[in-house]
Amino acid sequence: MSQLKPQPFKNRLQTPIQYVKGVGPKLARLLAKKGLRTVEDGLYFLPRCYEDRRYIKKISELRAGRKETGFGEIQLSGMAFFQNRKKRVFEVLVGDGSGTITLKWFHGHERYLQERFKKGRRLIFSGEVRWFHYQKEIHHPDVEIVEGDIEEDSLNFKRIVPIYSETEGLYQRTLRRLMKNIVDGYSDALKSPLPREILERQDLIDFSEAFRRVHFPPEGESIERLNLHRSDGHRRIIFDEFFFLELGLAMKKRGVALETGISFKTEGRLAQRLLERLPFRLTHAQERVLAEMVEDMEKPHPMNRLIQGDVGSGKTILALLASLRVVECGYQAAIMAPTEVLAEQHYLTIHRWTEPLGVKVALLTSHVKGAEREESYARIQKGEVQIVIGTHAVIQEQVEFHRLGLAIIDEQHKFGVVQRGLLKKKGENPDVLVMTATPIPRTLAMTLYGDLDVSLIDEMPPGRRPVTTRVFLESGRARAYRIVEEEIRKGRQAFIVYPLVEESEKLDLRDATRMSDHLQKEVFPDFRIGLLHGRMKSEEKEAIMMDFKERKIDILVATTVIEVGIDIPNASVMVIEHAERFGLSQLHQLRGRIGRGQHPSTCILLAQYRSSKEARIRLRAMEETNDGFKIAEQDLELRGPGEFFGIRQSGLPDFRVAHILRDTPILIEARKEAFRLVQEDPDLADPSHAALKETLKQRWRGRLELATIG
Ligand code: ADP
Ligand code: MG
């Protein structure tokens, strides 16, 4: 939210909304509830939709099956009952001389409705018209009580009328009058000094004019385009919002590219020796991404690269190969992972690979304590350890590196901006590599990581078989267990995943601890069952993971602690209990734990009979595709960008008008223009860009700050 400045309003847009004509303290309070404090907030409070009242039809002319707007006088109103008085509906009969129509509300306070829809009042209504027993009706229409003369009222009638989102006590007529005053009085103060070429190339109208048209569309405007937020006015405002975000990102990216960093020039001997020992060859995609990294690393500027690759695409080995190049140049590398289990697993894998190369690796987690920890600190500081792997423990104040050259963040979406920044600060402009297994849809990646270079591993190691996913209801439980049994008899291993650790009567979730007992005693007495959950001590977790890896355990019953990164190629079946309760990305991550070896794998999603429509869409999406990108797109659509990662973590700015999914085409254009501009005038030093630069600074100081990536 914009901050109020105490001084006279140098910027007229910061004028408090209560100074606007007709706004008293009571209205100001209601507006504040909606987050509207300044005139600028008001201007950006765009209509939710529009109603075509240029010509108001007679009730007899209203056609069924369409969204229509009509006008008339209330002839009758009251509560009616149906289905043996079990259900109630509030009905309002409206007539205009040409015919009548019934407006119906199936819920709502009777008293409130009675009060509002008194006989004799005139109202304007709109909604989808349908036929019922030879009578036209509209369910839950948008309505507006009309006072005064329609012919005289040019704000609410005889035009395309804006419909704003309401709050109790704050109705359309009030909002419209207020918005008219704000738009007339202040829209000319809005500035978006885009270069003329861009305006022309993108066919964009004047910025202030855009606001005027969006709030009070001119006569000839298309109602369809308005309602799709695709009018020229909408496009101009949305473009502006994306453009300044992307312009800032473009400059940041350039800024990093200009910073002095370390040039890691090496033949890559250590990396070569490791590659020779690996039991596999890198995929083409891995080779390509490695080459992209090496090119960055050789440059005398810091690398700032994101590796995106679906679960199991082989990011760890790339992290290690990059680390080895740094080590060969006499620097250290740090790898930070979001969970202890994952950090420990990385440590085990990497330690095994680097031991023969004489490279020393240290593990820092909360579980490494006391003397052991002190010793690690000392060795890291002296440079006796070359690769440090750990959790948040790595960014603790006490940790000092001898010479940190490369900071790697695994599963980076699990970390906040600050933590990434802290790791980077452990060195002097080290190279930064962030890795993510959550496939971020292109549009989101563009805004989130606009200042990073992105490498994509778009190929899986060979021999992987896609995982077959099936949704079973409770009735399929026995069948699910049989599938698990068959796999184990073939020498494979299984995961059974639960959403929570302890029984919660309220949620009726199966509790992992209790279930592992039950499975051991009653279902799989011949198999060895292990339990892994978040509340266990790290030593216990590690022991269990080792046992599972060494096949001392057949079935690992686990909570979602196994969500990220765990690598057990022999596991070929996973049963997810209460699958309807998991988010789509989470399900995909979980499923990524299997299908990592040569064997065909099966993922069984056990769902309750009663689950929400959204849950059913999620489960179906899981059955239909293994493609992480498709899943992420779907997830984004279901949950919206804010929820996708949690705004704060993602660093996604909360757009005022733009909608990242709906407005993708505009985002792409805005990004293109912003990057082109920075290419042509890197510091925006051209005098004709002075106003632009000033606006950019203001925007980034305010709302866009969130978009900063550490
Ligand atoms: P993620 O990208 O999910 O972090 P990992 O790095 O954990 O994936 O790799 C998953 C598994 O694939 C590991 O067992 C790893 O050793 C193996 N792997 C990586 N690259 C290849 C390859 N090119 N060929 C075969 N196996 C590979
Ligand atoms: Mg990984």
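Residues: numbered from 1 along the sequence shown. Whatever order the structure lists them in is the order used to number ligands and atoms, beginning at 1.
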For Gly309 and ligand 1, answer yes if some heavy atom of the residue is under 4.0 Å from a ligand atom, otherwise no. no
Could you list which atoms of ligand 1 come closer than 4.0 Å to a heavy atom of Arg281? 22 (C), 23 (N), 24 (N)
What do you reckon, are the aromatic ring centroids of Tyr481 and Phe472 less than 6.0 Å apart? no
Would you say CD of Glu267 has more than 12 non-hydrogen atoms from neighbouring residues, nucleotides or ligands within 6.0 angstrom? no
In ligand 1, the atoms that come under 4.0 Å of a heavy atom of Leu282 are 23 (N)
Does any N or O of ligand 1 fall below 3.5 Å from an N or O anywhere on Trp353, backbone included? no
Atoms of ligand 1 under 4.0 Å from any heavy atom of Pro461, numbered from 1 in the order shown, are 21 (C), 22 (C), 24 (N), 25 (C), 26 (N), 27 (C)
Is it the case that over 12 heavy atoms from other parts of the model lie below 6.0 angstrom from the CD atom of Gln598? no
Only heavy atoms of Gly314, strictly under 4.0 Å: list the atoms of ligand 1 that pass. 1 (P), 2 (O), 5 (P), 6 (O), 8 (O), 9 (O), 19 (C)
Closest by any non-hydrogen atom to atom 1 (P) of ligand 1: pick that one out of Glu459, Met435, Lys315. Lys315
For ligand 1, which atoms have a heavy atom of Thr283 less than 4.0 angstrom away? 23 (N)
How close do Glu344 and Thr365 get, counting heavy atoms only, and between which atoms? OE2-OG1, 4.2 Å
All heavy atoms of Ile389 vs all of Val394, minimum pair found to be C-CG2, 4.2 Å
For Thr316, atoms of ligand 1 separated by under 4.0 Å from a heavy atom: 4 (O), 5 (P), 6 (O), 7 (O)
I'd like to know whether Glu614 forms a salt bridge (charged side-chain N to carboxylate O under 4.0 Å, His left out) with Arg618, so could you lay out the CA-CA distance, the side-chain angles of the two residues, the decisive distance to 0.1 Å, and finally the verdict. CA-CA 6 Å; Glu614 227 190 82; Arg618 286 199 296 270; 3.4 Å; yes
How close do Leu404 and Leu423 get, counting heavy atoms only, and between which atoms? CD2-O, 3.7 Å
